[in-house]
*Asks:* 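Have a look at this one.
Bear in mind the structure is a predicted one, so any value in this text is a computation, not a measurement.
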Amino acid sequence: MPYIPHTPDDVRAMLERIGARSLDDLFDEIPPALLVPSLPGVPDALSEMDVSRLAAERAAADGRPLNFIGAGAYEHHIPAPVWALVTRGEIYSAYTPYQAEASQGTLQIMYEYQSMIAGLTALDVSNASLYDGASALAEACLMAVRAHRRSKSARILLPETVNPAWRRVVRAITGGQGLQLDTLACDPASGRIDPASLAAHAGEDVTALVVPQPNYFGQLEDADALTRWARANGALVIAAVNPTSLAVLKPPGEWGDGGADIACGDAQPFGVPLSSGGPYVGFMACRMEHVRQLPGRIAGRTVDLDGRPGYTLTLQAREQHIRRAKATSNICTNQGLLMSAATIYLALVGPAGLERVARACIARTSELVAALTRLPGVRAAFAGPRFHEAVLKLDRPVAPVLAALAGEGIIGGHDLARDYPQLGDALLVCATEMRTRADVETYAKALGRLLGRAAAA
Amino acid sequence: MPYIPHTPDDVRAMLERIGARSLDDLFDEIPPALLVPSLPGVPDALSEMDVSRLAAERAAADGRPLNFIGAGAYEHHIPAPVWALVTRGEIYSAYTPYQAEASQGTLQIMYEYQSMIAGLTALDVSNASLYDGASALAEACLMAVRAHRRSKSARILLPETVNPAWRRVVRAITGGQGLQLDTLACDPASGRIDPASLAAHAGEDVTALVVPQPNYFGQLEDADALTRWARANGALVIAAVNPTSLAVLKPPGEWGDGGADIACGDAQPFGVPLSSGGPYVGFMACRMEHVRQLPGRIAGRTVDLDGRPGYTLTLQAREQHIRRAKATSNICTNQGLLMSAATIYLALVGPAGLERVARACIARTSELVAALTRLPGVRAAFAGPRFHEAVLKLDRPVAPVLAALAGEGIIGGHDLARDYPQLGDALLVCATEMRTRADVETYAKALGRLLGRAAAA
Amino acid sequence: MSGSLRKPEPLIFELSRPGRGATAQHPAAEPGGEVPAGYRRRGLPPLPEVSELQAVRHYTRLSQLNFGIDTHFYPLGSCTMKYNPRACNALAMLPGFLGRHPLADAATGQGVLGCLFELQEMLKDVTGMAGVSLTPMAGAQGEFAGVAMIRAYHRARGDLTRTEIIVPDAAHGTNPATATMCGMKVREIPTRPDGDVDLAALDAALSPATAGIMLTNPSTLGVFERRIVEIARKVHDAGGLLYYDGANLNAILGKARPGDMGFDVIHMNLHKTFSTPHGGGGPGSGAVGVGQWLLPHLPVPVVGREGERYRWLDERDLPDTIGRLSGFMGNTGVLLRAWVYMRILGAAGMRRVAEYSTLNANYLLARLVEAGFEAACPGRRASHEFIVTLRREARQLGVTAMDFAKRLLDHGYHAPTTYFPLLVPECLLIEPTETETREELDGFVEALIAIRREAATDAAAVKAAPHTMPVRRLDDVRAARQLDVAWKPEVA
Amino acid sequence: MSGSLRKPEPLIFELSRPGRGATAQHPAAEPGGEVPAGYRRRGLPPLPEVSELQAVRHYTRLSQLNFGIDTHFYPLGSCTMKYNPRACNALAMLPGFLGRHPLADAATGQGVLGCLFELQEMLKDVTGMAGVSLTPMAGAQGEFAGVAMIRAYHRARGDLTRTEIIVPDAAHGTNPATATMCGMKVREIPTRPDGDVDLAALDAALSPATAGIMLTNPSTLGVFERRIVEIARKVHDAGGLLYYDGANLNAILGKARPGDMGFDVIHMNLHKTFSTPHGGGGPGSGAVGVGQWLLPHLPVPVVGREGERYRWLDERDLPDTIGRLSGFMGNTGVLLRAWVYMRILGAAGMRRVAEYSTLNANYLLARLVEAGFEAACPGRRASHEFIVTLRREARQLGVTAMDFAKRLLDHGYHAPTTYFPLLVPECLLIEPTETETREELDGFVEALIAIRREAATDAAAVKAAPHTMPVRRLDDVRAARQLDVAWKPEVA
Ligand SMILES: Cc1ncc(COP(=O)(O)O)c(C=O)c1O
Ligand SMILES: Cc1ncc(COP(=O)(O)O)c(C=O)c1O
């Protein structure tokens with residue numbers, strides 16, 4: 001009986017104490033018609049050894065191709081201590097720290113994490129994680145509506161330069177509450193928010209403007225100007241940012257005049273593996289005036305009976321287990337383990353290390369763009385400063401090219417055809433500090449061969 | 001400065017406190033001529049990220065072929081908790097438990113390990129590990145000479161059916177102390193110790209007889225008869241045993257009349273990965289009367305000032321740090337981490353699980369032998385009961401066959417040509433519980449193809 | 001190790017010194033990573049500067065301040081704190097799984113997709129549902145997906161009047177909060193003293209505005225709703241749908257299936273029933289299952305199989321989906337852990353989960369009642385959990401459920417859930433799970449008895465508990481009033 | 001977490017119940033595994049029967065009773081308890097490395113062989129030696145290999161009279177024990193008060209029977225032997241060889257090389273200088289390096305390179321080898337960890353090891369001397385470690401080095417090495433290592449001062465220390481007299 005410690009003696013003695021004759025007796029309040037005799041859809045048990053073999057075969061089948069996609073999930077080096085530490089049983093197998101005195105480890109890590117996120121974003125207060133970047137943006141939109149009492153429109157300006165998957169999530173999550181999501185167009189020349197599209201909203205009751213930085217295409221938006229526009233038009237600013245970039249880019253709290261009100265994003269780049277899409281870790285920070293609208297757990301520092309410092313969950317009146325239908329969000333379980341991983345990642349990498357990572361990303365992506373655009377039939381879609389992603393335009397449809405590259409063990413980028421048909425044959429590529437010069441060359445050679453071969457054919 | 005925490009301020013302040021002007025000053029007692037300016041043979045530093053990439057490439061190059069070799073190192077399933085637990089910092093980064101009060105974890109594990117080994121071997125006392133099985137056998141021979149005061153010959157009978165690498169190690173380690181190692185021949189018909197070869201020593205002053213069980217060929221020796229012979233001839237018995245087999249085979253403590261005196265072997269099968277040859281973990285157990293001759297650390301249970309139970313290193317007067325030139329051995333650092341892994345392995349697998357493992361090994365090896373000997377040109381070298389290894393005879397030299405199999409991702413066994421030329425074209429194969437029926441078929445098919453193809457050519 | 005003369009573990013920021021760093025973690029400095037002036041951050045972010053050893057030691061020490069399943073019996077009701085098999089973690093973290101980008105060609109992801117597809121199929125079977133989507137990232141998001149599907153279902157039929165979700169007063173807070181997030185109004189109905197839903201109240205609540213009802217069964221009172229079939233009929237007759245909050249699925253796994261009870265949609269907490277670790281707060285997974293009629297609305301992506309190949313189904317395959325709830329595919333790594341767990345347990349193992357968790361709960365309840373503690377629902381079978389009310393102890397000894405909970409920590413047991421559900425005064429919601437031994441349960445009973453005895457002679461000691469934790473009882477009021485939620489560098 | 005009302009952690013055997021088991025770890029039962037009657041074990045072996053959770057919880061709790069580098073400053077002299085980088089463990093445990101059988105075709109092991117070859121080359125450079133063999137499994141086995149090579153060297157030259165090994169009285173116990181194991185006689189020579197070898201005594205000891213001398217430099221007194229070149233000349237002139245005990249190599253890594261000092265053979269403790277973890281007792285690695293003239297005697301196997309390919313060199317390649325010391329290739333996994341460590345540190349990092357470990361030691365010594373503690377070798381530079389003698393405290397306060405050591409545990413510091421080397425009374429051998437911060441060193445100084453202060457006012461408290469560990473001071477005498485070294489099932 002895997003994981004069950006009961007001996008036949010135990011079962012006998014326990015049933016006797018209960019006053020039941022059999023295990024089946026214990027289910028005698030369930031209407032008999034509801035009892036099922038078996039589960040044909042669940043295979044028979046395998047030993048750990050057999051499942052290990054099966055899993056190893058499947059993982060090997062997925063392999064480790066050379067990856068040049070970012071698009072919301074970034075392949076960074078994960079320092080070896082990170083997962084050695086967070087998989088320690090005391091972290092890994094603990095619940096949400098409801099019993100503070102027996103959970104000071106988790107609580108102090110939450111407090112440290114909040115401090116780091118606040119520091120990175122230059123905002124006052126951070127929660128201790130949301131699910132992921134996409135859902136964090138959705139929560140930010142809902143939060144903005146709650147926080148901006150004077151605005152009655154629940155209108156959020158959501159630029160096309162925001163990750164399209166995130167925009168879909170915002171739509172799905174905010175749909176029930178009737179938010180009005182107005183799309184801001186992308187300027188096809190710059191790959192940034194079209195100023196005209198923004199200007200069209202001047203004078204309207206706008207609750208909040210979402211500012212992605214860098215945007216989905218890797219381009220840097222003019223966050224200062226956008227924030228100033230929002231201030232001038234009475235709208236809050238929601239910054240949707242890549243956390244690694246905050247080592248080198250102006251933080252949301254310092255944008256424009258007075259900074260953004262809320263910053264959110266995905267802290268996956270901080271020590272969390274790609275892992276086919278999750279678990280990642282959404283972050284959210286805001287100015288102190290909005291703290292009571294912030295969703296999610298928050299750890300606070302306080303003192304114990306002896307006056308010694310200690311940590312506890314605080315401002316719980318925002319949360320569902322206290323406020324129920326009136327809570328700031330329904331979130332309960334969050335992404336604690338990944339929050340811990342991010343904290344340890346940041347402690348290890350430190351300010352200088354994070355800056356190096358960010359700079360290496362910028363440099364490597366520039367090299368990648370330079371190497372690929374040297375090939376005939378490939379050009380950069382946008383000029384202007386960028387972080388670690390770029391859009392390339394090909395002289396032919398992207399999908400078959402990517403499939404051919406995958407056959408050579410190269411994941412060559414993300415095809416924008418579905419989400420941005422207006423961009424033509426556009427490919428989103430990314431190179432982090434993990435891609436070496438040799439990797440860039442490998443890619444360039446393979447692509448050159450493919451494009452050349454196809455051209456010759 | 002990887003792993004060094006000193007800031008420039010620290011260095012300045014610390015040098016000042018010391019009264020030195022520079023770091024170089026600290027080395028001013030070293031004759032200047034001895035100072036080297038650089039290390040041309042050590043490459044420049046790489047980041048953890050870069051070394052990770054390099055290591056991953058090398059590990060991937062080694063791959064994970066389908067393995068059918070045993071020959072002293074056995075591929076068993078390692079329960080997932082084992083390494084998650086022993087790599088916890090408190091176990092992984094602790095030293096030998098000299099400060100007992102701050103090392104109760106390690107000490108209690110040692111005590112539990114000793115208890116398990118004593119139980120498995122049916123002997124009274126175990127140490128807390130030696131380096132590996134081979135060196136443990138060498139230590140056992142030296143111990144027998146010390147323990148058997150009446151015997152003056154220092155003559156050890158070392159059968160040919162003992163692992164040849166272990167015999168080489170015994171020779172290398174005991175050579176300086178003048179032990180007389182007499183080889184007992186192998187009976188080429190049975191693959192066991194030749195009784196005639198043993199009988200030739202009757203009446204001699206024999207210090208100890210080494211009895212391998214199962215022997216190097218996987219065959220079961222008649223341990224009872226051998227032990228009786230030794231008793232009758234005034235010799236001690238050193239059992240060299242595979243620990244997994246002890247789940248089902250008569251333990252050394254119960255051999256013959258009164259049992260073996262010393263048992264040793266390699267506990268690698270208990271949760272220790274193959275890892276290209278080490279680190280493994282030598283074990284040794286003996287009867288209580290010999291305990292003061294036992295080499296290596298021993299943990300004992302005692303009480304603290306309050307009378308509560310606790311554990312401490314004991315009988316240290318045997319050891320080099322106390323007895324120096326007169327110690328039972330020079331061993332100091334042992335294989336603690338692997339000892340801990342073996343303990344956790346045994347706790348997880350338990351008596352019933354270990355029996356299942358042992359039986360699965362026997363069964364799978366029988367199937368392997370059956371499948372391969374169905375091929376023309378392959379036959380079993382020996383009849384008689386065996387554990388999880390067997391010698392096959394091929395109709396052609398083994399080496400090219402193995403090389404061809406390796407090309408197909410199959411490690412087909414160990415060639416006995418070097419160590420046992422008298423056996424002809426002989427191949428030692430092994431199948432543990434890790435090899436499935438499908439694996440056995442894969443091997444048989446590949447071998448059949450190879451032999452057939454060669455025959456056709 | 002607490003109790004030493006060592007000072008409390010400082011904040012990582014307090015260990016920081018300018019110029020220090022774990023430099024093995026820094027990539028080589030290279031030219032070319034400049035940011036144009038207007039976009040540039042002034043100075044470096046205020047992160048700690050510590051050595052690698054400092055970080056490792058700090059977080060190792062911090063971890064030791066925690067209780068976890070791996071260190072202590074953790075009978076936290078409603079949370080199913082059972083053993084999280086290490087195999088699940090080890091296998092989900094194989095390099096091939098960890099390294100894959102979610103948008104990489106499906107051809108390079110057949111391994112992981114195959115596991116997820118199998119998981120979908122297995123979850124369909126254990127819930128009795130027609131389809132499963134794995135994307136919700138925790139129970140609450142599963143609830144969201146469920147209520148959103150109920151909403152989509154009514155809307156698709158053109159029925160726009162159904163704006164109310166009925167929720168029993170014993171429900172978990174996420175239920176009403178979710179309804180609100182979906183734009184629904186919450187109608188709360190009372191629970192009877194025996195733990196079952198008050199049918200009269202239900203009748204009164206049902207109306208043409210009823211979109212659906214959210215039920216946990218067994219309920220958060222630890223009893224099985226005996227008239228579930230009748231309830232389902234009533235709700236369906238009123239035109240509403242039934243939502244099953246799967247937080248307590250552990251209690252009936254492999255024995256009874258929500259689909260058979262009449263539920264239309266369900267979420268499962270894979271981090272509870274399927275034992276993926278809780279990580280001090282997450283991640284979880286709130287996979288949802290639905291009946292045939294809700295299939296078109298499942299959140300995307302879902303794994304589909306075409307012949308021998310797996311691929312993601314998305315909005316193009318499921319145009320009536322409620323949409324996408326995460327940037328990629330939910331908490332894939334958690335899903336892999338659940339897949340490993342289910343494969344190791346197999347079909348028979350699923351049933352045993354229910355049987356032995358129920359055995360442990362009923363045994364613990366029987367022993368506590370024998371010892372004179374008061375069950376909240378006397379005469380009822382416990383499911384995999386049950387409630388003890390300490391109202392008598394509170395009245396007679398002045399010692400509350402909170403005090404018992406804190407004193408239990410000193411005895412080496414994590415506290416049960418306290419003060420939930422809210423309708424039971426001074427309640428302890430106790431869930432022992434199937435992976436605990438009888439000896440452990442016996443020890444827990446003895447500890448509760450010892451605390452009650454201590455309360456009779458020295459209530460102050462109990463009220464001041466815990467005494468042996470890294471900190472004593474914390475000032476929660478101060479935490480909320482003098483908000484200190486982020487470290488600020490001292491002004492020099 | 002100690003200090004709770006929880007009982008001490010029982011033995012795993014005490015948690016056992018007949019019929020219990022971690023059955024996920026059992027392979028499927030299959031027919032065909034029978035053992036013939038005469039060979040069969042009666043019944044099952046007396047191993048514990050526990051659930052997987054019980055085992056995980058038990059060993060997790062046990063681990064928490066330990067100090068390790070990852071939890072505490074661990075200034076154990078002669079043991080170089082510096083940070084063991086986690087990268088070394090993670091990379092050595094990549095599946096490709098872990099799964100390889102040692103006898104598998106070398107074609108399937110080019111990855112690991114390449115790493116080992118590079119390690120050999122790097123170790124040659126840092127020691128100044130002509131050849132390296134990685135096979136010895138710990139320092140003591142390296143010593144064995146070294147003395148065996150010295151013996152082989154003399155024998156190969158037909159010189160059978162050299163049967164003595166000279167060892168300073170300050171030497172580690174493994175030195176004389178090794179000489180004995182190699183069949184040599186040990187001649188001990190005294191150390192001068194300043195820590196250097198007594199040259200007159202050396203002269204007196206040298207003779208045609210001298211096979212060699214074993215030296216640690218810096219010595220176990222924590223000082224560099226200044227006249228090492230002269231000593232080398234003397235020994236060589238007498239026909240003997242010099243053995244370098246590399247336990248203290250950390251102190252001079254990249255700054256000075258034993259080969260340049262005149263040593264003929266050396267072992268390194270990779271688990272010290274190259275920071276592979278000590279694992280609560282091992283494994284280690286005692287790789288040996290030799291001068292040109294000892295190359296033929298290196299223990300096998302050694303990794304050789306032929307063009308682009310690596311292979312094991314064995315007895316057939318090195319017919320004059322002292323032979324084989326392990327069943328396969330020593331502690332390969334430890335060697336991989338050392339390889340990772342050296343690649344991350346690089347050449348400049350090697351030097352920094354010596355510089356900063358020496359800086360830390362001298363700083364700590366300076367602070368302790370300022371605070372009134374007595375250095376064993378006053379006026380000498382500390383190497384990476386140094387000795388404080390507490391003879392004054394013992395005389396004046398009645399509190400011994402042992403008492404200080406035990407009380408340090410209460411302050412959250414592992415004790416230094418005590419009573420070694422034996423020639424210094426009441427000695428603490430203190431080795432802070434380069435990976436500790438100045439703040440940690442300062443805290444340690446303050447703790448020693450506090451203990452001395454406490455000893456003056458309340459010596460009994462110090463003598464009864466530790467007070468906050470899982471156990472109080474243990475009865476070692478009883479442990480040896482009433483030997484209890486294996487659990488026995490109670491007779492029922
Ligand atoms: C009954 C019940 N429903 C729902 C939830 C919410 O699940 P999650 O925390 O995964 O969001 C919980 C979790 O505590 C619960 O106990
Ligand atoms: C000076 C010295 N020499 C030799 C050794 C023996 O090394 P090992 O323990 O690796 O066998 C030690 C280990 O403590 C030592 O300190």
*Asks:* Measuring heavy-atom distances to chain A, does Ala480(C) have an atom under 4.5 Å in its side chain, in its backbone, in both, or in neither?
*Replies:* both
*Asks:* Under 4.0 Å between a side-chain nitrogen and a carboxylate oxygen: does that hold for Arg381(C) and Asp28(A)?
*Replies:* yes
*Asks:* So which part of Asn67(A) gets closer than 4.5 Å to some heavy atom of chain C, the side chain, the backbone, both or neither?
*Replies:* side chain
*Asks:* Please find the pair of heavy atoms, one from Ser275(A) and one from Thr332(C), that lie closest to each other, and give the distance.
*Replies:*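 Ser275(A) and Thr332(C) have their closest heavy atoms at O-CB, 3.5 Å.
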*Asks:* Among Val50(C), Val56(C), Ile252(C), Leu483(C), which residue forms the greatest number of heavy-atom pairs with chain A at distances under 4.5 Å?
*Replies:* Leu483(C)
*Asks:* Answer yes or no: is there a donor N or O on one side and an acceptor on the other, between the side chain of His26(C) and the main chain of Arg356(A), under 3.5 Å?
*Replies:*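 The answer is no, because no donor-acceptor pair under 3.5 Å joins these two groups.
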*Asks:* Quick check for you: among Asp105(C), Leu359(C), Thr417(C), which has the greatest number of heavy-atom pairs under 4.5 Å with chain A?
*Replies:*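 Greatest number of close heavy-atom pairs with chain A: Leu359(C).
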*Asks:* Without hydrogens or angle criteria, can the side chains of His278(C) and Thr333(A) be said to hold a donor-acceptor pair below 3.5 Å?
*Replies:*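 Yes, Thr333(A) and His278(C) have a side-chain donor paired with an acceptor closer than 3.5 Å.
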*Asks:* Hey, are the side chains of Gln104(A) and Pro8(C) touching, using non-hydrogen atoms and a 4.5 Å cut-off?
*Replies:* no
*Asks:* Looking at Ser63(C) and Glu90(A), what are the two nearest heavy atoms and their distance?
*Replies:* O-CB, 3.0 Å
*Asks:* Specify the closest pair of heavy atoms between Asn330(A) and Thr178(C), including all atoms of both residues, with the distance to one decimal.
*Replies:* ND2-OG1, 2.9 Å
*Asks:* At a heavy-atom separation under 4.5 Å, does Met184(C) approach chain A through its side chain, its backbone, both, or neither?
*Replies:* neither
*Asks:* Between Leu76(C) and chain A, which part of the residue has a heavy atom less than 4.5 Å away: side chain, backbone, both or neither?
*Replies:*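 Leu76(C) touches chain A through side-chain heavy atoms alone.
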*Asks:* Check this for me: does any side-chain nitrogen of one of Glu254(A) and Arg42(C) sit under 4.0 Å from a carboxylate oxygen of the other?
*Replies:*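 Looking at Arg42(C) together with Glu254(A), the answer is yes, because their closest N to O distance falls below 4.0 Å.
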*Asks:* Under a 4.5 Å heavy-atom cutoff, which of Gly284(C), Gly139(C), Gly99(C) has the most pairs with chain A?
*Replies:*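 Sorted descending by pairs with chain A, the first entry is Gly99(C).
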*Asks:* Who wins among Cys79(C), Pro46(C), Ala22(C) for the most heavy-atom pairs under 4.5 Å with chain A?
*Replies:* Cys79(C)
*Asks:* Where does Leu354(A) contact chain C at under 4.5 Å (heavy atoms): side chain, backbone, both or neither?
*Replies:*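 The side chain, not the backbone.
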*Asks:* What residue in Glu30(C), Met181(C), Arg478(C) has the most heavy-atom pairs under 4.5 Å with chain A?
*Replies:*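 When all of Glu30(C), Met181(C), Arg478(C) are compared, Met181(C) has the most.
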*Asks:* Test your reading of the model: is there a side-chain donor-acceptor pair from Thr437(C) to the backbone of Pro5(A), 3.5 Å cut-off?
*Replies:* no
*Asks:* Answer yes when Asp484(C) and Arg301(A) have at least one side-chain N-carboxylate O distance shorter than 4.0 Å, and no when they do not.
*Replies:* yes
*Asks:* Measure the shortest side-chain to side-chain distance between Arg64(A) and Arg100(C) over non-hydrogen atoms and say whether it is less than 4.5 angstrom.
*Replies:* no
*Asks:* Between Ser129(A) and chain C, with a heavy-atom cut-off of 4.5 Å, which part of the residue counts as in contact: side chain, backbone, both or neither?
*Replies:*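 Contact with chain C: none, neither part.
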*Asks:* Test side chain to side chain donor-acceptor pair (under 3.5 Å) on Ser93(A) and Asn84(C); report intermediate values, then the result.
*Replies:* CA-CA 7 Å; Ser93(A) 75; Asn84(C) 306 141; 5.0 Å; no
*Asks:* What is the minimum heavy-atom distance between Ala71(A) and Leu103(C), and which atoms define it?
*Replies:*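 It is CB-CD1, 3.6 Å.
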*Asks:* With only heavy atoms counted, which part of Phe97(C) is less than 4.5 Å from chain A, the side chain, the backbone, both or neither?
*Replies:* both
*Asks:* Can you say whether Ile69(A) sits under 4.5 Å from chain C via the side chain, the backbone, both, or neither, judging by heavy atoms?
*Replies:* both
*Asks:* Relative to chain A, which segment of Ala486(C) carries a heavy atom at a distance below 4.5 Å: side chain, backbone, both, or neither?
*Replies:* both
*Asks:* Using heavy-atom distances under 4.5 Å, tell me whether Leu23(A) contacts chain C through its side chain, its backbone, both, or neither.
*Replies:* side chain
*Asks:* Search all heavy atoms of Arg324(C) against all heavy atoms of Ala165(A) and return the closest pair with its distance.
*Replies:*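 Minimum heavy-atom separation between Arg324(C) and Ala165(A): CD-O, 4.3 Å.
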*Asks:* Where on Gln141(C) is there a heavy atom nearer than 4.5 Å to chain A: the side chain, the backbone, both, or neither?
*Replies:* both
*Asks:* Are the side chains of Val36(A) and Lys255(C) in touch, meaning some heavy atoms are under 4.5 Å apart?
*Replies:* no
*Asks:* Do Lys250(A)'s NZ or CZ and the ring of Tyr39(C) fall within the cation-pi criteria of under 6.0 Å and 45°?
*Replies:* no
*Asks:* Under 4.5 Å between any side-chain heavy atoms of Pro102(C) and Tyr280(A), yes or no?
*Replies:*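 Yes, close enough: below the 4.5 Å cut-off.
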*Asks:* Given that the side chain runs from C-beta out, which part of Ala348(C) has a heavy atom under 4.5 Å from chain A: side chain, backbone, both or neither?
*Replies:* neither
*Asks:* Quick one: pull up CD1 in Ile4(A) and OH in Tyr356(C) and give me the separation to the nearest 0.5 Å.
*Replies:*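 Result: 6.5 Å between the selected atoms.
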*Asks:* Side chain from CB out, backbone as N, CA, C, O: work out which of these in Ala118(A) comes under 4.5 Å of a heavy atom of chain C, or both, or neither.
*Replies:* side chain
*Asks:* I'd like to check Gln177(A) versus Cys182(C) (side-chain heavy atoms, cut-off strictly below 4.5 Å). Are they in contact?
*Replies:* no
*Asks:* Between Arg367(C) and chain A, with a heavy-atom cut-off of 4.5 Å, which part of the residue counts as in contact: side chain, backbone, both or neither?
*Replies:* side chain
*Asks:* Provide the closest heavy-atom pair for Pro470(C) versus Arg308(A) in the form atom of the first, atom of the second, distance.
*Replies:* O-NH2, 3.0 Å
*Asks:* Of the listed residues (Pro273(A), Gly176(A), Cys332(A)), which shares the most heavy-atom pairs with chain C below a 4.5 Å separation?
*Replies:* Gly176(A)
*Asks:* Pro48(C) versus chain A, heavy atoms under 4.5 Å apart: side chain, backbone, both or neither?
*Replies:* both
*Asks:* Between Arg472(C) and Glu101(A), is there a salt bridge with N-O shorter than 4.0 Å?
*Replies:*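 Not counted as a salt bridge, because no side-chain N and carboxylate O are separated by less than 4.0 Å.
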*Asks:* Which one wins on heavy-atom pair count under 4.5 Å against chain A: Ala55(C), Ala138(C), Gly323(C)?
*Replies:* Ala138(C)
*Asks:* Go through the atoms of Val186(C) and report whether side chain, backbone, both or neither lie under 4.5 Å from a heavy atom of chain A.
*Replies:*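 Side chain only.
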*Asks:* Do Arg359(A) side-chain atoms and Gly33(C) backbone N/O form a donor-acceptor pair below 3.5 Å?
*Replies:* yes
*Asks:* Measuring heavy-atom distances to chain A, does His172(C) have an atom under 4.5 Å in its side chain, in its backbone, in both, or in neither?
*Replies:* both
*Asks:* What part of Val291(A) gets within 4.5 angstrom of chain C, counting heavy atoms only: side chain, backbone, both, or neither?
*Replies:* side chain
*Asks:* Just by distance, no angles: are the side chains of Asn66(C) and Thr106(A) close enough, under 3.5 Å, to form a donor-acceptor pair?
*Replies:*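 Distance-only check passes for Asn66(C) and Thr106(A).
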*Asks:* Would you say the side chains of Glu112(A) and His58(C) form a donor-acceptor pair under 3.5 Å?
*Replies:* yes
*Asks:* Between Pro27(C) and chain A, which part of the residue has a heavy atom less than 4.5 Å away: side chain, backbone, both or neither?
*Replies:* both
*Asks:* Sort Ala29(C) into side chain, backbone, both or neither according to what part of it lies under 4.5 angstrom from a heavy atom of chain A.
*Replies:* both
*Asks:* Heavy-atom distance under 4.5 Å to chain A: side chain of Ala28(C), backbone, both or neither?
*Replies:*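 Just the backbone, heavy atoms under 4.5 Å.
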